Amino acid sequence: MFFSFFSKYLGDFVTQGFVQEKVVSALHGALSDAKAKGQLKIESWPILTLDAPKRPEWGDLATTVAMALAASEKRAPHDIAQIIADNLSTRDQLFERVEIVRPGFLNLTVKPAVWLEVLREIERQGAVFGTSSLGVGKRVLVEYVSANPTGPLHVGHGRGAAVGQALARLLKAVGYDVVSEYYINDAGRQMKLLGASVFARVQELAGKAVTFPEEGYHGVYIREVAERIQQSEGAQLAALAPDEMEQRCRDLAYQSLLQLIREDLAAFGIEFESWFSEASLLASGAVERAFADLQQQDLLFESEGALWFRSSKFGDEKDRVVRKQDGECTYLASDIAYHRDKLQRGYDLLIDVWGADHHGYIPRMQAVMQAYGHPKERLQVVLVQLVKLLRGGEEVKMSKRSGEFITMREVLDEVGADAAKFFFLMRDSKTHLDFDLELAKQRSADNPVYYVQYAHARISSLWRVAAARGIVCPPAADTDLTVLTDPDELGLIRKLSAYPEILEASAVAFEPHRLTYYLQQLAAQLHTFYNKHRVLPPAADQEPQESGEAPVAEEISPKVTIARLVLMRAVQQVVKNGLGVLGISAPEQM
RNA sequence: GCGCCCGUAGCUCAGUCGGAUAGAGCAUCAGCCUUCUAAGCUGAGGGUCGCUGGUUCGAUUCCAGCCGGGCGCACCA
């Protein structure tokens with residue numbers, strides 16, 4: 001909810017990672033100084049990237065600029081690294097250590113005091129910590145799910161829904177103005193088949209023998225819809241002529257199924273700002289206008305009695321039919337008109353979330369972008385691969401033929417919306433996903449959803465216990481954090497500090513799973529810390545264990561307690577923010 | 001046949017605008033713990049990053065060619 005208010009804060013909070021930003025500007029300064037002194041030429045400025053080194057002894061952050069510059073400077077990377085290091089050493093309020101290693105790595109160790117600032121920063125920014133202004137001023141439309149209203153949503157749609165929503169929120173978080181839209185295919189052949197199928201079932205219920213339409217919808221839900229229709233207005237229906245009756249069945253079935261889809265999405269916690277009807281495009285003449293535009297640029301031609309779009313002109317492998325010999329428009333016709341409409345609404349970026357089996361459709365839609373005078377990159381298609389449902393390692397079989405499949409609703413009812421979303425977002429959307437229902441509903445640390453949510457709940461529990469013991473945690477600004485010197489503490493802070501970068505990388509790559517992965521790592525680090533260290537002092541009543549075997553409980557002074565509480569509060573904030581972006585709740589208790 | 005995606009530990013997968021000794025979870029094995037703030041902790045083994053070449057100081061990452069798997073090549077959605 002608070003996402004819609006982001007844009008007004010974005011100007012104030014530019015967080016490319018608090019510490020990272022300082023280090024980058026220090027590096028930039030060092031390079032400038034070196035250039036001014038004539039030590040380096042620096043004809044073109046390198047991109048300053050910071051990596052978190054794999055080994056702790058390599059410092060907090062590392063950069064490879066020296067090696068990147070080696071070629072253009074025509075000098076050994078090590079020398080360049082030395083020059084940078086020398087110029088960096090004047091900025092020693094930031095660095096504890098600057099080391100040059102082998103080919104030309106620059107390993108930087110930032111002073112703990114600088115890291116501690118991150119905690120204050122997180123507290124200051126709260127729910128907007130991690131957001132950035134990358135996309136400010138740009139409008140993007142994310143279209144997803146868009147399932148035909150001819151049946152309930154299945155598991156694949158669920159993954160698409162989770163991915164689409166996460167993408168939308170991710171882009172909002174980095175400053176874009178985002179609208180989510182569902183395109184309703186409420187026209188054409190599918191609807192006719194739906195009407196015919198339901199009509200046939202209604203006739204059956206009325207005791208009339210009918211032949212079920214070829215390629216009709218066989219699912220049980222069709223019968224259910226027919227039964228409802230028969231009950232509610234069987235009498236009125238009987239009075240109609242057959243084709244009127246079929247028409248009526250189609251309308252009622254459509255409404256009923258679309259309603260079902262809306263309800264399922266609501267149950268999944270997915271909301272669209274906009275629902276766009278294909279039929280409305282046809283009714284408004286938008287398709288004809290789209291054609292006229294193309295006609296004008298000679299991008300349409302007639303051949304073999306059909307009308308073709310010259311998509312090959314824009315890199316598609318061949319031209320495509322938009323109006324068939326029989327005079328009917330193809331689905332491509334509506335899609336052209338629909339995407340033209342999106343463009344006319346002034347979006348800077350269009351994102352379509354599709355099933356991966358539609359990938360062959362991308363070139364022709366990007367051709368549409370170009371036909372209307374936009375770069376093809378204006379349309380970005382995010383592909384979502386199939387979900388393989390497992391139950392305790394065994395594949396759950398589904399048969400398409402009989403029209404029976406596992407619905408999204410069934411999965412939600414079994415594992416809950418949070419777990420379903422998390423699992424859908426755990427892997428790169430373009431790869432196949434194994435989704436184990438048993439694992440997803442487990443309430444244990446083996447279940448990654450619980451593991452992450454538990455990190456949040458666990459900290460909430462601290463507040464409850466602290467409150468009960470009358471311990472209050474003052475704002476970070478008023479707290480002496482210098483007692484946080486343990487590697488586990490500083491490690492957590494470094495992890496927190498990386499959150500804005502993760503968020504941004506995840507957003508620009510359209511890959512929500514990176515954030516999911518990060519949250520698992522952060523949770524793991526939190527749990528490790530939590531198991532190893534105390535935050536609150538032991539309760540007064542259950543004092544000393546017998547001396548001897550029990551591991552010596554860590555001494556914990558009030559000062560340390562307070563500082564660690566501040567740390568915990570920051571971890572909790574970041575977990576909450578991250579889960580929020582993924583559309584997953586952050587429970588206070590589990 | 002052409003095109004797109006995937007191929008990383010026993011399993012499921014991260015990591016690639018080129019960087020150091022390639023990571024996580026599960027499983028396996030070995031210890032410890034049965035305590036609290038809440039559902040245990042610590043460690044180990046495990047890899048020709050599909051194969052072969054190329055570019056590079058440096059390739060899991062980029063390029064080419066193969067191999068294997070998936071998907072797509074409609075006047076179907």
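If you're wondering where the values come from, they're calculated on a predicted model, not measured in any experiment.
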ask   = With sequence neighbours left out, which residue pairs that include part of residues 359-370 of chain A fulfil the salt bridge (charged side-chain N to carboxylate O under 4.0 Å, His left out) condition?
value = none
Need the pair for [N]. Rule: Watson-Crick or G-U wobble, both distances under 3.5 Å, any strand; none if unpaired.
N: G58(B); answer: none
N: G3(B); answer: C71(B)
N: C11(B); answer: G25(B)
N: C41(B); answer: G31(B)

inquiry  = I want to confirm an ordering. Mapping P77(A) and Q385(A) to their closest nucleotides on RNA chain B, which one lands closer to the 5' end?
reply    = P77(A)
key: Residue R55(A), side-chain atoms from C-beta onward, closest of G23(B), U21(B), C75(B)   = U21(B)
Check: H359(A) side chain, C5(B) base, donor-acceptor under 3.5 Å = no
request  = Record whether the side chain of N107(A) comes under 3.5 Å of the base of A20(B) through a donor-acceptor pair of N or O atoms.
outcome  = yes
inquiry  = Any non-hydrogen side-chain atom of D319(A) less than 4.5 Å from a side-chain atom of F309(A)?
reply    = no
Short side-chain N/O contact to [N] OP1/OP2 from [X], under 4.0 Å:
X: N531(A); N: C41(B); result: yes
X: H358(A); N: C4(B); result: no
X: K324(A); N: C76(B); result: yes
X: K54(A); N: A20(B); result: yes

ask   = Are a donor atom and an acceptor atom from the side chains of Q190(A) and N185(A) found within less than 3.5 Å of each other?
value = no
message = Pairing donors with acceptors under 3.5 angstrom, does anything connect the side chains of D335(A) and Y361(A)?
response = yes
Span that lies between the C1' atom of A9(B) and that of G18(B), in whole angstrom = 24 Å
